[in-house]
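Here's the structure we're looking at; comments come further down.
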Amino acid sequence: MRRARNMRPNIVSEAGLPTRMNQWWESIPFLTSAVVVVCGVIYLVCLLVGYDSFAEVCFLPSAVVSRFQVYRIYTSILFHGSLLHVLFNMMALVPLGSELERIMGSVRLLYVIILLATSNAIFHVLIALLGAHNPVLTDDYLMNECAIGFSGVLFSMIVIETSLSGVQSRSVFGLFNVPAKWYAFFLLVVFQLLMQNVSLLGHLCGILSGFAYTYGLFNFLIPGTTFYSSIESSSWLSSCVRRPKFIVCTGGNPSGYIPTHTSQNSTSGLLSGNIWRNLSSLMPQREVSTQSTEDSRFPGRGRALGSGQGQTASHLQSDSNLQERLLEDTSPNNPVVSSTPSNTHQLSEGRHSADNVATATGVPQHQGAVVSEEGISKLVSMGFDRTQVEVALAAADGNLNVAVEILMSQQS
């Protein structure tokens with residue numbers, strides 16, 4: 001059997017490369033894609049104008065300390081030294097930044113990036129000063145090391161994302177698994193062995209900043225949700241907020257351990273008691289937002305796992321209260337206030353119909369508070385739900401006639 005030559009290609013599985021690239025780019029959140037664009041454009045401009053010294057923009061501890069050039073903290077993370085440098089960093093940023101941005105929101109992630117870049121620089125300067133002025137072995141190499149690239153912030157993101165994922169182990173390039181808490185350190189050693197001109201101190205400071213953020217040591221620097229909401233509602237950011245890729249900060253994700261500023265966290269406890277217990281007390285706790293659970297990006301109502309029983313109990317209690325009010329309104333001791341002919345006629349018709357149904361099914365006219373399983377079965381055979389029957393009987397104190405009246409009033 002010969003195969004036809006001119007067969008129509010599979011449209012679904014053979015989508016064009018531009019279409020796939022466009023879909024991939026549209027799936028990246030706003031801030032992550034903005035950082036990729038900014039770093040890529042800066043590298044292209046430097047390549048076109050021939051700027052490759054980076055002496056004025058790199059992070060140089062000696063210049064930061066002696067000349068107070070703090071701008072280097074932020075310019076150094078945006079510049080890259082080679083095409084592979086910027087490609088590797090941006091390829092690592094896309095999955096990490098996208099995951100964190102979907103959890104935190106665009107504005108909050110921007111603040112966290114600035115916080116991590118600043119803490120990385122502080123750790124870098126402190127370690128460099130310690131290496132240059134310690135009484136054992138003095139070395140000015142770290143003070144004069146010129147570092148550029150986004151990889152320091154990436155190592156902080158790796159630590160935070162690993163903590164948020166809750167996994168016990170991570171795979172290193174698919175070769176072997178390591179404990180999750182040591183994953184960033186294994187990557188640090190691997191990159192240091194495989195690549196040249198890699199800043200060991202810059203990456204190490206990124207790991208330290210990530211752990212400091214994860215353990216809640218930066219909680220006093222993290223503002224409340226009103227800070228992010230005020231920025232998102234400002235007029236100068238309205239054009240960005242309206243974009244579909246922009247993720248609004250919803251005040252914390254209940255399913256993730258995101259450190260937030262609370263008055264309960266205090267660093268004074270580190271000096272007393274068990275150190276590990278004090279550090280554990282600073283671990284970010286699961287936080288439930290006090291704002292509305294309704295989210296415009298995820299319409300609907302959220303429900304925690306295992307809350308079905310609590311909701312069922314609340315519904316049963318509300319139904320029981322409603323039925324008790326109905327009984328109080330229609331009992332002989334509490335006559336109906338409104339005595340218009342139409343209401344009296346409707347009430348009498350409802351009671352007559354209930355009595356007729358109860359008589360047709362053989363339900364006794366008078367029943368005690370304790371109802372047998374046979375009585376429940378008779379009401380269930382009439383087409384009522386068993387749960388509703390039990391609730392109605394409980395509200396009617398075991399009177400089957402009143403229970404039938406309650407069940408019919410619910411269906412009407």
Side-chain angles (χ1 to χ4, degrees), residues 103 166 225 248 250-257 285-412:
I103 297 175
T225 56
V248 180
T250 57
N253 186 6
S255 63
Y257 295 93
Q285 302 296 325
R286 187 180 300 273
E287 176 187 1
V288 180
S289 176
T290 56
Q291 299 179 354
S292 174
T293 56
E294 185 71 23
D295 193 347
S296 58
R297 295 180 288 109
F298 302 99
R301 207 164 142 193
R303 181 170 64 88
L305 294 177
S307 63
Q309 297 178 355
Q311 291 184 352
T312 303
S314 62
H315 289 316
L316 294 179
Q317 184 177 2
S318 61
D319 292 341
S320 178
N321 295 334
L322 175 61
Q323 291 149 9
E324 289 176 0
R325 290 197 301 272
L326 289 174
L327 289 175
E328 293 173 357
D329 294 337
T330 59
S331 62
N333 297 330
N334 291 324
V336 181
V337 176
S338 178
S339 60
T340 58
S342 59
N343 291 338
T344 306
H345 180 67
Q346 291 177 359
L347 179 59
S348 62
E349 285 184 352
R351 288 188 175 179
H352 285 306
S353 61
D355 293 339
N356 294 335
V357 173
T359 305
T361 55
V363 179
Q365 295 294 327
H366 300 282
Q367 184 75 11
V370 179
V371 182
S372 64
E373 184 67 21
E374 182 181 0
I376 297 177
S377 302
K378 288 181 180 180
L379 294 181
V380 173
S381 64
M382 294 170 57
F384 299 113
D385 182 73
R386 183 179 181 88
T387 303
Q388 295 179 353
V389 168
E390 295 175 353
V391 174
L393 288 173
D397 294 332
N399 194 321
L400 296 179
N401 295 331
V402 179
V404 172
E405 186 175 339
I406 292 175
L407 292 171
M408 294 188 64
S409 64
Q410 287 181 346
Q411 291 186 350
S412 61

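- Of all non-hydrogen atoms in Arg386 and Ile376, the two that sit nearest each other are NH1-CG2, 3.6 Å.
- The shortest heavy-atom contact between Leu379 and Phe384 is O-CD1, 3.4 Å.
- With rounding to the nearest 0.5 Å, the separation of CG in Leu407 from CG in Leu400 is 10.0 Å.
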